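The structure presented is a predicted model; accordingly, all values stated were derived computationally and were not measured. Below, chains carry the letters A, B, ... as their sequence lines are ordered, and counting in each starts from 1.
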Protein chains: 2
Amino acid sequence: MSITVKDVAKAAGVSAATVSRVINNDPRISEKTAKKVNDCIQELGYKINNVARSLKTNKTRTIGFIAPEIANDFFMNVAKGVEDELRKHGYSVIVCSSNESSTEENNRIQLLSEKCVDGLIIIPASGEGKHFNQLKEVNIPVVLADRLVANFETDAVLVDNINGSYTAVEHLINSGCRRIGFIGGDMNVTTARERYEGYRRALSDYCIPIEESIIKFGNYHVQSGYELMKELMEYPDPPQNVFISNYFMHVGATKFLMEHRDTIASNVSIASFDDMEISSILGFCSVRIRQPMIEIGSKAAQILLKRISHDYSNFPQILRLKTELITKDY
Amino acid sequence: MSITVKDVAKAAGVSAATVSRVINNDPRISEKTAKKVNDCIQELGYKINNVARSLKTNKTRTIGFIAPEIANDFFMNVAKGVEDELRKHGYSVIVCSSNESSTEENNRIQLLSEKCVDGLIIIPASGEGKHFNQLKEVNIPVVLADRLVANFETDAVLVDNINGSYTAVEHLINSGCRRIGFIGGDMNVTTARERYEGYRRALSDYCIPIEESIIKFGNYHVQSGYELMKELMEYPDPPQNVFISNYFMHVGATKFLMEHRDTIASNVSIASFDDMEISSILGFCSVRIRQPMIEIGSKAAQILLKRISHDYSNFPQILRLKTELITKDY
DNA sequence: CTCACCTATGCACACGATTACATATAATAT
DNA sequence: ATATTATATGTAATCGTGTGCATAGGTGAG
């Protein structure tokens with residue numbers, strides 16, 4: 001069928017071992033035979049079979065990336081960081097979606113470990129991670145990205161969510177706001193908890209009382225942002241400033257405001273976590289917290305590569321990347 | 001190191017062959033031994049090694065997906081369709097970015113073919129595809145998505161771009177517009193050509209003269225949309241209606257208009273290809289052409305699976321999915 | 001009772017590469 | 001000239017599965 005080392009060996013008049021050594025740049029090979037073999041490789045159009053190689057070396061040079069969702073601008077920016085970094089080192093990435101379900105996440109982990117990936121980068125579906133522990137047994141390194149899980153100790157690359165939302169809320173306060181509504185994600189997700197914590201701390205530090213009725217929790221989706229903003233705005237005395245915990249909720253909330261700009265909401269001002277390309281042209285938005293999305297991915301990839309090469313120094317390494325306050329607006 | 005069929009065989013008191021047959025549901029295995037073997041598999045925590053299996057079967061149950069960019073909402077919606085469909089059939093997806101370069105695209109193709117993927121789904125970086133022909137030799141099926149290439153005959157899943165933009169422009173005309181500007185993508189990309197063609201045909205069919213000066217070409221990026229809209233708006237007599245060829249240019253164009261809404265552009269109206277979640281809340285937007293993004297991916301996956309199972313009926317199959325005109329707006 | 005046949009399982013090789021070990025040749029030292 | 005070492009290559013085992021062929025035992029027909 002296809003051309004193997006044996007075919008090349010025969011053509012070059014050497015043994016299969018020699019061909020293999022040429023392919024792997026073994027320094028012991030003489031220049032003469034190396035050239036001869038390489039010529040034959042060219043001529044025959046030989047392509048290495050990485051499946052066979054992997055069987056022998058026990059390395060696939062492939063890693064798995066599991067995100068709660070594929071068609072998601074945030075996760076895919078992380079994925080981009082991962083892919084860019086790993087490709088430089090000759091690795092490929094199998095991308096899986098957990099569909100925001102820990103059960104499915106577990107299935108993907110199974111699948112990927114059976115595919116013998118060298119490592120995993122996971123954005124966990126929820127804060128519960130006991131199904132991760134099986135990976136300890138298989139001895140396959142895992143780096144978490146963006147979110148943490150409980151009861152599983154491993155490397156992780158996160159952002160400083162608490163300070164991020166703190167800074168945004170602080171900015172609002174310094175602009176004279178006193179009543180600041182809150183729209184948050186699912187509290188099972190660590191980032192949602194942390195962003196809420198930052199909000200509370202800022203209010204507390206500036207001696208602003210917490211007003212439970214203008215604090216809303218949902219999930220990180222457009223629809224949820226829409227509904228929670230609706231709830232807030234239908235109060236008799238709605239807050240004029242709202243902190244929103246992620247980009248998608250921000251979009252949903254903006255959607256609601258756009259639909260009702262003539263009736264309810266003319267002068268609502270939003271501070272939002274995330275700063276995507278489109279954030280700057282969404283109406284009502286005053287302040288945003290930019291996350292280094294690509295860097296989350298590339299750092300995670302770097303740590304993973306380190307673990308794959310059996311360097312377990314500083315384990316577990318929890319990286320907290322800084323966020324950036326964006327006030328520029330149109 | 002890890003548990004193999006041999007270990008299971010020993011534990012169950014059978015041969016490795018029998019274990020293998022149990023795993024693959026060979027009907028000749030008696031229920032009794034099947035149960036015994038399965039129990040041992042459970043007990044030992046045996047996990048199949050798919051690398052070894054692939055070497056033997058010559059099938060990896062993995063396909064490659066190459067897109068010009070990873071952090072791109074459109075491409076990743078296609079990817080989602082691909083992944084969902086393939087996962088149902090037990091396949092995984094290696095995602096690669098060509099970074100909009102045919103050279104890099106070629107590298108990825110090489111890489112993936114050496115990884116022995118069972119098939120490829122590619123959104124080509126450009127309309128030039130002579131480097132695809134090597135795939136014919138390796139005998140690995142390819143399905144193109146979204147875009148076509150010249151000089152390479154294979155299956156493809158596309159949308160009806162010509163009718164899509166025709167319909168949008170027609171809608172503008174029927175709303176009374178006579179001067180309709182055009183912002184288009186790189187004409188090396190087939191969708192850009194087709195969308196331009198639809199624009200021209202609509203004008204022609206309604207006897208509106210083509211005004212070359214208000215027709216602009218760039219690439220499918222935010223920045224390009226921004227610049228071209230700027231060019232249009234800085235004319236002494238700018239068009240009040242503009243057709244924009246994709247979502248990202250739409251965003252860029254809107255960005256420009258937002259920045260200058262007080263000076264230049266208060267009443268510009270945009271018709272745009274693509275209908276992403278955010279499109280509906282972008283200002284200035286009146287009409288959008290929705291593409292079935294996920295369906296592009298799932299259909300491509302279906303065709304690919306068909307080819308992988310050696311069903312080459314109706315080759316090459318070129319699917320043109322319908323677009324949908326969206327006029328709802330806020 | 002014998003023969004044919006079916007079922008369930010084992011044996012052993014193959015997939016395509018890597019690699020420890022052996023060996024042949026050349027180079028250098030004594 | 002011989003011993004020693006370095007260099008370059010070949011031999012053969014191995015990675016974990018799948019599968020063609022062989023075989024042992026069981027069943028039914030004549």
Side-chain angles (χ1 to χ4, degrees), chain A residues 1-38 40-41 44-62 90 113-118 138-140, chain B residues 1-41 44-62 90 111 113-118 138-140:
Chain A
M1 195 70 163
S2 55
I3 299 124
T4 76
V5 278
K6 284 184 191 169
D7 302 317
V8 177
K10 200 173 295 174
V14 297
S15 76
T18 300
V19 175
S20 172
R21 293 192 181 106
V22 171
I23 294 167
N24 294 294
N25 294 314
D26 191 311
R28 294 174 306 177
I29 294 292
S30 76
E31 287 205 18
K32 194 167 35 171
T33 46
K35 176 167 173 19
K36 191 169 54 182
V37 169
N38 279 319
C40 289
I41 286 177
L44 297 180
Y46 167 77
K47 295 274 177 339
I48 197 171
N49 182 324
N50 268 300
V51 173
R53 169 184 276 184
S54 293
L55 179 59
K56 194 62 187 151
T57 60
N58 213 18
K59 286 178 180 156
T60 53
R61 294 196 150 251
T62 302
S113 92
E114 290 182 359
K115 291 239 170 174
C116 306
V117 294
D118 295 340
V138 201
N139 209 32
I140 158 175
Chain B
M1 195 69 163
S2 55
I3 299 123
T4 75
V5 278
K6 284 183 190 170
D7 301 316
V8 177
K10 201 173 295 174
V14 298
S15 76
T18 301
V19 176
S20 172
R21 292 191 181 107
V22 171
I23 294 168
N24 294 295
N25 294 315
D26 191 310
R28 294 174 307 178
I29 294 292
S30 76
E31 286 204 20
K32 195 167 33 172
T33 45
K35 176 166 175 15
K36 191 170 53 182
V37 169
N38 279 319
D39 287 350
C40 289
I41 287 177
L44 297 180
Y46 166 78
K47 295 276 176 340
I48 199 171
N49 182 325
N50 268 298
V51 173
R53 169 183 274 182
S54 293
L55 178 59
K56 203 54 191 152
T57 61
N58 212 19
K59 286 177 180 156
T60 53
R61 292 194 150 253
T62 302
L111 177 76
S113 94
E114 290 182 358
K115 291 239 170 176
C116 306
V117 293
D118 295 340
V138 200
N139 210 32
I140 160 174

Backbone N or O of [Y] within a donor-acceptor pair of the [X] side chain at under 3.5 Å?
{"X": "Lys115(A)", "Y": "Thr60(A)", "result": "no"}
{"X": "Asn24(A)", "Y": "Asp26(A)", "result": "no"}
{"X": "Asp118(A)", "Y": "Lys59(A)", "result": "no"}
{"X": "Asp39(B)", "Y": "Lys36(B)", "result": "no"}

Please give, in whole Å, the distance from [N] [atom2] to [X] [atom1]?
{"X": "Ile48(A)", "N": "dC15(C)", "atom1": "CD1", "atom2": "P", "value": "17 Å"}
{"X": "Asp26(B)", "N": "dT7(C)", "atom1": "CG", "atom2": "P", "value": "12 Å"}
{"X": "Lys32(B)", "N": "dA8(C)", "atom1": "NZ", "atom2": "P", "value": "11 Å"}
{"X": "Ile3(A)", "N": "dC15(C)", "atom1": "CD1", "atom2": "P", "value": "15 Å"}
{"X": "Asn25(B)", "N": "dG18(D)", "atom1": "CG", "atom2": "C1'", "value": "14 Å"}
{"X": "Asp7(B)", "N": "dC15(D)", "atom1": "CG", "atom2": "C1'", "value": "13 Å"}
{"X": "Lys6(A)", "N": "dC15(C)", "atom1": "NZ", "atom2": "P", "value": "6 Å"}
{"X": "Lys59(A)", "N": "dT14(D)", "atom1": "NZ", "atom2": "P", "value": "21 Å"}

*Hey, which sits more toward the 5' end of DNA chain C by its nearest nucleotide, Val51(A) or Thr33(B)?*
Thr33(B)
*Want to settle it: does Glu31(B) or Leu55(B) sit nearer the 5' end of DNA chain C, counting the closest nucleotide to each?*
Glu31(B)
Closest approach to the side chain of [X], judged atom by atom: which nucleotide of [options] is it?
{"X": "Arg21(A)", "options": "dT11(D), dT18(C), dT19(D)", "value": "dT11(D)"}
{"X": "Val5(B)", "options": "dG16(D), dG10(D), dT17(D)", "value": "dT17(D)"}
{"X": "Thr4(A)", "options": "dA17(C), dT9(C), dC11(C)", "value": "dA17(C)"}
{"X": "Ser2(B)", "options": "dT11(D), dG16(D), dA17(C)", "value": "dG16(D)"}
{"X": "Ala17(B)", "options": "dT19(C), dA12(C), dT17(D)", "value": "dA12(C)"}
{"X": "Val14(B)", "options": "dG16(D), dG10(C), dG10(D)", "value": "dG10(C)"}
{"X": "Ser20(B)", "options": "dG18(D), dT14(D), dT9(C)", "value": "dG18(D)"}
{"X": "Ile29(A)", "options": "dG10(C), dA17(C), dT9(D)", "value": "dT9(D)"}

Report yes if a side-chain nitrogen or oxygen of [X] is closer than 4.0 Å to either non-bridging phosphate oxygen (OP1 or OP2) of [N]; otherwise report no.
{"X": "Thr18(A)", "N": "dT9(D)", "value": "no"}
{"X": "Asn50(A)", "N": "dA17(C)", "value": "no"}
{"X": "Ser30(A)", "N": "dT9(D)", "value": "yes"}
{"X": "Asn24(B)", "N": "dG18(D)", "value": "yes"}
{"X": "Thr57(A)", "N": "dT18(C)", "value": "no"}

*Where is the tightest heavy-atom contact between Ser15(B) and Ala9(B), given as atom of each residue plus distance?*
C-CB, 3.6 Å
*What is the nucleic acid contact for Ile23(B), judged by heavy atoms within less than 4.0 Å: base, sugar-phosphate only, or nothing?*
nothing
_Side-chain-base donor-acceptor pair under 3.5 Å for Arg28(B) and dG10(C)_ = no
*Heavy atoms from other residues, nucleotides or ligands near NZ of Lys10(A) exceed 12 (cutoff 6.0 Å)*: no
